[in-house]
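Below is one structure, written out as structure tokens; the observations come after it.
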Amino acid sequence: QVQLVESGGGLVQAGGSLGLSCTASGSINSIKSMGWYRQAVGKQRELVARATSGGSTNYADSVKGRFTISRDNAKNTVYLQMNSLKPEDTAVYYCNAEIYSGTAMRYLQRWGQGTLVTVSS
């Protein structure tokens, strides 16, 4: 069984920094991409940042220049460094990964349990 385990998050004042990490564990053959989504109260889940196994990254416009995503492929881990945080960054942050399933013979989306980030003004 594949699991994504997140850590980090918490409460921070506006302008502060936080880091998130997410590690995939279990029977893993290949991970295509890993990334972070977030969902604020009353809003839809949205992409924050994503990194492919080849090193390509993409970011939501709202976090460009403030957030940095990185991966350690050997550890099946993705990180999100969040700087200059704003109250509007408050949300539950979810780790996401496209992991190959030998049973399904295709890449499947996997999700972490979510971690709350609260930015106070």
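Throughout, numbering of the chain's residues begins at 1 and tracks the sequence. Note that this is a predicted model, so its numbers are computed, not measured.
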(request) For Ser7 and Ser21, test the side chains for any donor-to-acceptor distance below 3.5 angstrom and give the result as yes or no. (result) yes
(request) For residues Arg50 and Met34, determine if any side-chain heavy atom of one lies less than 4.5 Å from a side-chain heavy atom of the other. (result) no
(message) According to a hydrophobic-cluster definition based on side-chain heavy atoms being under 4.5 Å apart (Ile, Leu, Val, Met, Phe, Trp, Tyr only), do Tyr79 and Val48 belong together?
(response) no
(request) Answer yes when Lys64 and Asp61 have at least one side-chain N-carboxylate O distance shorter than 4.0 Å, and no when they do not. (result) yes
(request) Please confirm whether Tyr100 and Tyr107 have ring centers closer than 6.0 angstrom. (result) yes
(message) For a 4.5 angstrom cut-off between non-hydrogen side-chain atoms, does Asn96 reach Gln109?
(response) yes
(message) With a 4.5 Å cut-off on side-chain heavy atoms, are Ile31 and Asn73 touching?
(response) no
(request) Assess whether side-chain contact (heavy atoms from CB on, under 4.5 Å) is satisfied between Leu108 and Ile99, documenting all intermediate values. (result) CA-CA 5 Å; Leu108 299 177; Ile99 301 176; over 6 Å; no
(request) Answer yes or no: does atom CD of Gln3 have more than 12 heavy-atom neighbours from other residues, nucleotides or ligands under 6.0 Å? (result) no
(message) Using modelled atom types and a 3.5 Å cut-off, is there a donor and acceptor pairing between side-chain atoms of Arg71 and backbone atoms of Ala51?
(response) yes
(request) Answer yes if the ring centres of Tyr37 and Trp111 are under 6.0 angstrom apart, and no otherwise. (result) yes
(request) Without swapping roles, check the side chain of Ser101 against the backbone of Arg106 for a donor-acceptor pair under 3.5 Å. (result) no
(message) Checking the side chain of Thr115 only, and the main-chain atoms of Gly8 only, is there a donor and an acceptor separated by less than 3.5 Å?
(response) yes
(message) On a heavy-atom basis, which atom in Ala14 and which in Ser121 lie closest, and how many Å separate them?
(response) CB-CA, 4.3 Å
(request) Quick one: do Thr77 and Asp72 satisfy side chain to side chain donor-acceptor pair (under 3.5 Å)? Show the steps, please. (result) CA-CA 5 Å; Thr77 298; Asp72 185 332; over 6 Å; no
